[in-house]
Colleague: 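I'd like to ask you about the structure that follows.
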Amino acid sequence: MTQPPASRDDARGASATFRAVLPPVHRAATVLFDDVDAMRRHDWRSREAFVYGREGTPTTRELEKQLAETEGARHALVLPSGLAGYSVVALALLQPGELIAMPVNGYGGGGQMADVLLRRLGIEVSVYEPTQPDTWAENIPAGTRLVWIEAPGSITMEVPDLTRLVAHARSVGAHVAIDNTYSAGLHLKPFDLGIDVSLQALTKFQSGASDVTLGSLSCVNEGLLTRLHETRHFLGMGVSADDAYLVLRGLPTMWLRYEQSARSGEQLAAWFRGRPGVQRVLHPAFEECPGHAHWKAHFTAAAGLFSVTLHESVDEARVKAFVEGLRHFPLGMSWGGHSSLALPYAATHNAAQRLRRLGEPVGAIIRFWVGLEPVEALLEDIAQAWGAAMNR
Ligand SMILES: Cc1ncc(COP(=O)(O)O)c(C=O)c1O
């Protein structure tokens, strides 16, 4: 038996008498038009009209609206991942022969994208040290077209002097983009600092459940938005309404999850302070973390994300034993979800090598994401795994 063909006027599931707390999920590739004239007028460049599912649905547009509001932007564009944000900004703003400056302590995926994809396209890539303003003239020279900032650094957690860095980037004529994932857009307002574009890996705090990858770019400038929007279109990047919904569901509780995780994170980070084998606790809210004063000046909270650098004498076997001995910190990428995570970086990792270059005698680094489990259980877990690993 075959299904009778749908008539043009079949109900599409809408109801004027039904309302729910969260917005509905509008799945669509095809978007229907009322008549031929309306169809002929359709233009993907319109950010208000609905023309094709890839260009946006009421669900993805609602998410964009809420994200822009959170970050104090005029507009936001959703993307299939946080990493996509790095590519879209670069391809929107750079031409062959132009220079992009990437922070040495930034998200590794963004740095690799520049190093491989952008170089292949003939774009020049410079890597700068955010903690050393006296090196910026050399590594963010006059004519630089785009400067990426990340605050705090992805593994090493230092916050640069944002005011000075933005002023330097502006003075050389560069656009400035920030990976603002750490603050979730709640605790650092990039547009107040004169930053042009803000990236969120919605994969982290906004979703809150480690079950979706999405990203967003937000900005206040209309011309810039048009460039980003058309680049997203030409790269064929769409976001499914189901994925957008998962983030919409997470947003109302994000501030509360952020607060809880921040509180537990500070307690856990404090546990490591002064412990034999620990070189330094890299938590932006702690005075011993490089850039603490800048964090204090610009952020209204720290996230439950921190790193611990270990003495060179703590060998790889003990690092592995510690991380594998944790019961409540499974091993895995990402952060921002309800489950805590621990991620070890070997003494040979770039981040550890860089810290040694900066004069810090570090071996391995362990980054902790602190989720929503009872903090007593997490503290107990760390203590048992640390004791067993260090007394081997
Ligand atoms: C700071 C930061 N920015 C961007 C990303 C990339 O996000 P996604 O995994 O959604 O591509 C990550 C992911 O780990 C990240 O930690």
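All ligand and atom numbering here is 1-based and tracks the order in the structure.
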Colleague: Could you verify whether a donor N or O on one side chain and an acceptor N or O on the other, from His187 and Thr300, lie under 3.5 Å apart?
Modeller: yes
Colleague: Ligand 1: which residues have a non-hydrogen atom closer than 4.0 Å?
Modeller: Ser81, Gly82, Leu83, Tyr107, Glu150, Ser154, Asp179, Thr181, Ala201, Thr203, Lys204, Leu214, Trp335
Colleague: Answer yes if the side chains of Glu158 and Thr131 hold a donor-acceptor pair under 3.5 Å, and no otherwise.
Modeller: no
Colleague: Is Val127 isolated, or which residues cluster with it under the ILVMFWY side-chain rule of less than 4.5 Å, directly or via members?
Modeller: Val104
Colleague: So, Arg119 and Asp115, do they make that salt bridge, N to O below 4.0 Å?
Modeller: yes
Colleague: May I ask you to check whether Phe205 and Tyr182 place their ring centers less than 6.0 Å from one another?
Modeller: no
Colleague: Report yes or no: is the cationic atom of Arg275 (NZ for Lys, CZ for Arg) under 6.0 Å from the centre of the six-membered ring of Trp271, at an angle within 45° of the ring normal?
Modeller: yes
